[in-house]
Amino acid sequence: MSILQSNKVIAIEEHYIDPNVTKLQEANTTNTRIRNPKMVSRMEDFGGERIEEMDATGIDIQILSIAPPGVHNLPKDIAVTAAKQTNDYLANKMSQNPNRFRGFAALPMQDPQAAARELERAVKDLNFVGGMIHGLTNSQFDDGKASWPVYETAAKLDVPIYLHPGMPHHEVRNIYYKDYTEEFALFPQAAWGYTVETATMAIRLVLSRVFETIPNLKIILGHLGETLPFLLWRVNHNLKRPGNAPIEFREVFCNNFYVTTSGNFSDPALLCCMQELGVDRILFAIDWPFIDNKLGTDWFEKLAISKEDKIKILSGNSSRIFKL
Ligand code: MN
């Protein structure tokens, strides 16, 4: 009997598209991403293939989040309204199938006070499990003190913030990636660029000392930690060499961060996370529909780790963190 069919499985980085947000992006931004129409229709649908593919692979619950860039590329006032509207939209979809869907709130980080209020509304009134930040907000990182109201509110509500990748800054795209983008479209995205952006944001958040002020803040990283578990020794060691202010990078990373399996189904990468963070900080995720459920569930089924650890990753840890 498959361990995924016989145990509760919660997949926590699974996406949807809200057609109203797409319209706002088309009307208010110049660099709207061109998406595969088949992918769009899969993400706009909350029944059909989504549920069939969950059932076929033993996934009981998807914790849904808007597809990147979320509302992060919209002008401030529009982003605040769009976040409220799409959180209401997702809450309505969740209420139609409450046993299968939960949600992360879209956050208008352009206005951190409004984003904090929206996170509180989404958690208290709409039953969301946390908030998600999708990479840069109009070309800015969200680690500075101006953004801290969101982290204060997350800690007060005891919900995590998921740092999801977004597009690299346009200058970074030009300098680092442009030469190979025509031939390798995903080089600046999921193949490498996203990880660099998200790992940088995570390191910046630690260096901002937000965790010294808000010690119970919980942050989630996808893709088995965006390379940081693999580099933890080196990052920590070099931040302790002369020339650096005192910072406990390893301690913060191991106490305040969680990682998910989204889109990184590698035995050695998972074992590295288990060694550095411990199994209690690893959560199951696919990154549907960018990744097929079956690719993740087949990998997980065959993994040579204990059944107890598998059950923790599949749902035990997320049930605890999200109080499901
Ligand atoms: Mn994703």
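Note that ligands are numbered from 1 as they come in the structure, with each ligand's atoms numbered from 1 the same way.
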With sequence neighbours left out, write down each residue that passes ring pair (Phe, Tyr, Trp, His ring centres under 6.0 Å) with H72, or none if nothing qualifies.
H134
Parallel, tilted or perpendicular: which one describes the rings of H164 and Y162, with boundaries at 30° and 60°?
tilted
Side chains of L64 and R50, heavy atoms from C-beta outward: is any pair under 4.5 Å?
yes
Could you check F128, F104, Y258 and say which one makes a ring pair (Phe, Tyr, Trp, His ring centres under 6.0 Å) with F322?
F104
Identify which protein N/O/S atoms are less than 2.8 Å from the Mn ion (ligand 1).
E13 OE2, H15 NE2, H164 NE2, D287 OD1
Side chain to side chain contact (heavy atoms under 4.5 Å, CB included) partner of F253, the single match among I219, V235, L221, I203:
L221
For the student: nearest non-hydrogen atoms of L119 and V150, plus distance:
CD2-O, 3.9 Å
